[in-house]
Amino acid sequence: MTRPLLDIRDLRVEFRSELETVHAVNGASLTVDPGEVVAILGESGSGKSVTAAAVMRVLPQPPAVIAGGQILFKGRDILAVPPGEWRAMLARDIALVLQDALTALNPVYPVGWQIAEVFRLHGMGRAEAQAKALGLLERVGIPDPRRRMGEYPHQFSGGMRQRVMIAMAVALHPALLIADEPTTALDVTVQAEIMDLIRDISREEGMSVLLITHDLGVAVGYAQKVCVMYAGRVVESGPVKQVLGRPAHPYTLALMQSAPQARSGGRLNPISGSPPDLARLPQGCPFHPRCRFAIDLCRARRPETTAPLPGRSVECHRAMEVLDVAAA
């Protein structure tokens, strides 16, 4: 079997203060294979973006502390890579596209200069770097790229700025692109264009993508595998159409039933209750206070990971019962 490109094992990230410790990522495990698009799905506060920040090593330290686990990239634990070597790996091996390009781009430099800087930092001459930057603007669909090379981020629309961010991210042909809510701030039509662009480039380059999203439609439309996170853990994972078509975890089922396309009679079915306080997680399964399937066992003991169906994994004492309800 092919070794995963990215292998996150029992990752634990805590935010510590004098008053409390927030368990933002609480033993999360997931893999991304070469050329695979994997979506991490979940509500705000589930640990999606903190997981991505841990992979990129951009957690604010302090107060964030990686309290345990491994992040293996091509078999090597990147948490042990020296800072200088890690900086050389960024953009060349792993790259990041953020949600808000306006805050990620430097407002005082033209976009062409910023893209070319990626190449210059890795030893390329000025003229060649400028030519490469122009080619990337053309590739990501920026109209009249030669003129727009000299324009500043505020002169671009939200969708165009996101294209610039993608150009910078893929400049050095990374093996893994982390896209953290890359379309949240955009209107629906532009969202589809940006996701199509990421999909097309990933296919052309053979690039893996770790897609952080709360949008079920984006996950279904662009990912091969989905990892559903809740309270800092991956509670269900597997092929996206299987997991979202027939969930085995009550949280995944509730997400599907709360989606606009699942509404009945014009009304949505929101998930009852609120996500748990990550500084005071309940005993047992953290979802049990909101779960209609919960029994005493769920309140007493956290479930282990099982495989209710081939290629699937789930943390739930009642996975088979949930599968039956989802199939009905």
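By the 4.5 Å heavy-atom criterion applied to side chains, F15 and V50 are counted as neighbours. Between C316 and R318 there is a side-chain heavy-atom pair separated by less than 4.5 Å. A 4.5 Å side-chain heavy-atom check between T2 and P34 finds at least one atom pair inside the cut-off. The side-chain heavy atoms of V140 and V164, taken from C-beta on, include no pair separated by under 4.5 Å. Contact annotation: the side chain of I66 never approaches that of E14 to less than 4.5 Å [non-hydrogen atoms, C-beta and beyond]. Residues Q70 and I8 have side chains not in contact (no heavy-atom distance under 4.5 Å, counting atoms from C-beta outward). The closest side-chain heavy-atom distance from T103 to D100 is below 4.5 Å. At least one side-chain heavy atom of L323 sits under 4.5 Å from a side-chain heavy atom of P308.
Taking the side chain to side chain donor-acceptor pair (under 3.5 Å) definition, one finds that T252 meets it with E236, sequence neighbours left out. In this structure T305 satisfies the side chain to side chain donor-acceptor pair (under 3.5 Å) test together with E315, sequence neighbours excluded. Scanning for salt bridge (charged side-chain N to carboxylate O under 4.0 Å, His left out) contacts around D277 gives R280, with sequence neighbours left out. Here R203 pairs with nothing under the side chain to side chain donor-acceptor pair (under 3.5 Å) rule; sequence neighbours left out. Every side chain to side chain donor-acceptor pair (under 3.5 Å) that T31 has, sequence neighbours left out, goes to K225. Residues passing the ring pair (Phe, Tyr, Trp, His ring centres under 6.0 Å) test with Y109, sequence neighbours excluded: W113.
Smallest separation of non-hydrogen atoms from G311 and P239: O-CD, 3.5 Å. Closest heavy-atom contact between V25 and L11: CG1-O, 3.3 Å. Here the shortest heavy-atom pairing between A231 and P276 reads CB-CG, 3.9 Å. Heavy-atom minimum distance, A101 versus M165: CB-CG, 3.3 Å. The nearest pair of heavy atoms linking V190 to G159 is CG1-CA, 3.6 Å. Listed here is the closest heavy atom pair of I271 and R290: CG2-NH2, 3.3 Å.
Judged by distance alone, the side chain of R163 and the main-chain N or O of L137 form no donor-acceptor pair under 3.5 Å. No side-chain donor-acceptor contact under 3.5 Å links K132 to the backbone of A116. Side-chain atoms of S208 come within 3.5 Å of backbone atoms of G35 as a donor-acceptor pair (strictly under, hydrogens ignored). A donor-acceptor pair under 3.5 Å is formed between the side chain of Q191 and the backbone N or O of T183. Q283 places no side-chain N or O within 3.5 Å of a backbone atom of C298 that could act as its donor or acceptor partner. Checked by atom type and distance alone, the side chain of D33 never pairs as donor or acceptor with a backbone atom of E36 at under 3.5 Å. Between the H288 side chain and the F293 main chain, no donor and acceptor come within less than 3.5 Å of each other. K48 places a side-chain N or O within 3.5 Å of a backbone atom of E43 that can act as its donor or acceptor partner. Side-chain atoms of E20 do not come within 3.5 Å of backbone N or O of A279 as any donor-acceptor pair.
One finds the OG atom of S46 at 12.5 Å from the CG atom of N26 (value rounded to the nearest 0.5 Å). Annotation: the span from S313 atom OG to L309 atom CG amounts to 11.0 Å, rounded to 0.5 Å. Note: R161 CZ to Q155 CD = 11.0 Å, rounded to the nearest 0.5 Å. For the atom pair CE (M56) and CD1 (I71), the distance works out to 11.0 Å, reported to the nearest 0.5 Å. A distance of 9.5 Å separates SG in C285 from CZ in R302, rounded to the nearest 0.5 Å. Between the CG atom in L134 and the CZ atom in R148 there is a gap of 13.5 Å [rounded to 0.5 Å].
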Applying side-chain contact (heavy atoms from CB on, under 4.5 Å) to V228 and V234, what does each step give before you reach the verdict? CA-CA 6 Å; V228 181; V234 176; over 6 Å; no
Given side-chain contact (heavy atoms from CB on, under 4.5 Å), test T213 with E181 step by step and report yes or no. CA-CA 5 Å; T213 185; E181 300 278 8; 4.2 Å; yes
Steps toward salt bridge (charged side-chain N to carboxylate O under 4.0 Å, His left out) verdict (D7, R9): CA-CA 6 Å; D7 187 357; R9 300 180 180 179; 2.9 Å; yes
Would L176 and M207 count as a side-chain contact (heavy atoms from CB on, under 4.5 Å) if you check the C-alpha gap in whole Å, the side-chain angles of each, and the deciding distance to 0.1 Å? CA-CA 6 Å; L176 175 65; M207 179 179 66; over 6 Å; no
Is there a side-chain contact (heavy atoms from CB on, under 4.5 Å) between M256 and L244 once you walk through the steps? CA-CA 7 Å; M256 295 303 299; L244 300 184; 3.7 Å; yes
Salt bridge (charged side-chain N to carboxylate O under 4.0 Å, His left out) between E193 and R199: does it pass, once the steps are laid out? CA-CA 10 Å; E193 293 175 355; R199 178 197 60 202; over 6 Å; no
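The other residues sharing a hydrophobic cluster with L297 are I295, where clustering joins ILVMFWY side chains under 4.5 Å apart.
Every pair passing side chain to side chain donor-acceptor pair (under 3.5 Å) that includes a residue from residues 85-95 is listed here, sequence neighbours excluded: R76-E85. Applying the side chain to side chain donor-acceptor pair (under 3.5 Å) test to every pair with at least one member in residues 49-67, sequence neighbours left out, gives these pairs: S49-D180. Pairs engaging residues 178-231 under the ring-ring contact (aromatic ring centres under 6.0 Å, His included) rule: Y230-Y251, Y230-F287 [sequence neighbours left out]. The ring-ring contact (aromatic ring centres under 6.0 Å, His included) contacts involving residues 138-193 comprise nothing, where partners must be two or more places apart or lie in separate chains.
Note: the hydrophobic cluster containing V170 also contains M195 (ILVMFWY, side chain heavy atoms under 4.5 Å, direct or indirect links). I40 and V220 fall into different hydrophobic clusters, where Ile, Leu, Val, Met, Phe, Trp and Tyr residues are linked whenever their side-chain heavy atoms come under 4.5 Å apart, directly or through other members. If you chain together hydrophobic residues whose side chains sit under 4.5 Å apart, L96 and L210 fall into the same group. By the rule that hydrophobic residues join a cluster once side-chain heavy atoms approach within less than 4.5 Å of another member, V218 and L177 end up as members of one cluster.
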For a quick test of your reading: what N or O donor-acceptor pairs under 3.5 Å do the side chains of residues 121-131 make, sequence neighbours left out?
residue	atom	partner	partner atom	Å
H122	ND1	V118	O	3.0

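Heavy-atom contacts from other residues, nucleotides or ligands closer than 6.0 Å to CZ of R301 number 12 or fewer.
Using a 4.0 Å cut-off between a side-chain N of Lys or Arg and a carboxylate O of Asp or Glu, E205 and R139 qualify as a salt bridge. Under the 4.0 Å criterion applied to side-chain N and carboxylate O atoms, R12 and D10 are assigned as salt-bridge partners.
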